[in-house]
Amino acid sequence: GEGAAAGAPGLRSISKQELGQHKTEESCWVSIQGKIYDFTSFLDEHPAGAEAILKYGGEDGTEIFEAIHTQEMLDDFTPIGLLAAHQPSAAL
């Protein structure tokens, strides 16, 4: 593979630093299970309200997501990228 993660062709690697810049209503990204999702357009549709998602904007929301939601809910969304490992050179 040309740097793409196995099983996820075409998804670019997004650093924690880049993820952290997307935490507003204008651009809200959240990482869940190692994948980055852009929830900006979904904020107003979220049953629990936009604030619930914005609270985790630019951060990892895996734990809170799994506590409340089902995997099927996540499957409705297409990730925009993969969260880059802290040390890409390290063995998996």
Side-chain angles (χ1 to χ4, degrees):
E2 294 293 310
L11 288 182
R12 70 185 185 92
S13 187
I14 297 173
S15 69
K16 260 202 154 123
Q17 185 178 10
E18 182 179 351
L19 170 65
Q21 295 170 357
H22 298 269
K23 55 187 178 189
T24 68
E25 289 177 21
E26 282 74 46
S27 183
C28 181
W29 296 2
V30 181
S31 70
I32 298 174
Q33 299 165 357
K35 298 185 181 80
I36 310 280
Y37 295 86
D38 181 349
F39 288 134
T40 309
S41 59
F42 178 67
L43 290 174
D44 290 335
E45 300 173 34
H46 190 234
E51 286 300 319
I53 296 179
L54 284 169
K55 185 176 176 186
Y56 296 94
E59 298 179 19
D60 183 88
T62 303
E63 201 169 311
I64 190 70
F65 177 88
E66 293 181 340
I68 302 171
H69 310 78
T70 63
Q71 190 64 42
E72 285 74 26
M73 292 178 183
L74 191 60
D75 290 342
D76 287 340
F77 297 90
T78 303
I80 58 170
L82 299 168
L83 185 61
H86 299 297
Q87 300 167 308
S89 58
L92 293 175

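Since we're looking at a predicted model, the values are computed, not measured.
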What heavy-atom pair brings [X] and [Y] nearest, and what distance separates the two atoms?
X     : Y     : answer
Ser13 : Ala84 : OG-CB, 3.1 Å
Leu54 : Cys28 : CD2-SG, 3.9 Å
Lys23 : Gly57 : CB-O, 3.3 Å
Ser27 : Trp29 : OG-NE1, 3.6 Å
Glu25 : Leu43 : CA-CD1, 3.9 Å
Ile53 : Phe42 : CD1-CD2, 3.6 Å

**Message:** Return the NE2 to CD1 distance between His22 and Ile80, rounded to the nearest 0.5 Å.
**Reply:** 7.0 Å

**Prompt:** Just how far is it from atom CD of Gln21 to atom CD1 of Ile14, taken to the nearest 0.5 Å?
**Reply:** 11.0 Å

**Message:** Test side-chain contact (heavy atoms from CB on, under 4.5 Å) on Leu11 and Ile36; report intermediate values, then the result.
**Reply:** CA-CA 9 Å; Leu11 288 182; Ile36 310 280; over 6 Å; no

**Message:** With a sphere of 6.0 Å drawn around CD of Gln71, does it hold more than 12 non-hydrogen atoms of other residues, nucleotides or ligands?
**Reply:** yes

**Asked** If you count the non-hydrogen atoms of other residues, nucleotides and ligands that lie under 6.0 Å from CG in Asp44, is the total more than 12?
**Response** no

**Request:** Using the rule that two of Ile, Leu, Val, Met, Phe, Trp, Tyr join whenever any of their side-chain heavy atoms come within less than 4.5 Å, decide whether Leu82 and Ile32 are in one cluster.
**Result:** no

**Asked** Can you name the residues that form a ring-ring contact (aromatic ring centres under 6.0 Å, His included) with Phe39, not counting sequence neighbours?
**Response** Tyr37, Phe77

**Message:** Could you tell me if the side chain of Leu74 sits less than 4.5 Å from the side chain of Gln33, heavy atoms only?
**Reply:** yes

**Request:** Report yes if some heavy atom in the side chain of Asp60 is under 4.5 Å from a heavy atom in the side chain of Leu19; otherwise report no.
**Result:** no

**Request:** Take Thr40 and Glu26 through the side-chain contact (heavy atoms from CB on, under 4.5 Å) test and state the conclusion after the steps.
**Result:** CA-CA 7 Å; Thr40 309; Glu26 282 74 46; 5.9 Å; no

**Complete:** Hits for side-chain hydrogen bond (donor to acceptor under 3.5 Å, both in side chains) against Glu45, two or more places apart or cross-chain, chain-then-number order -> none

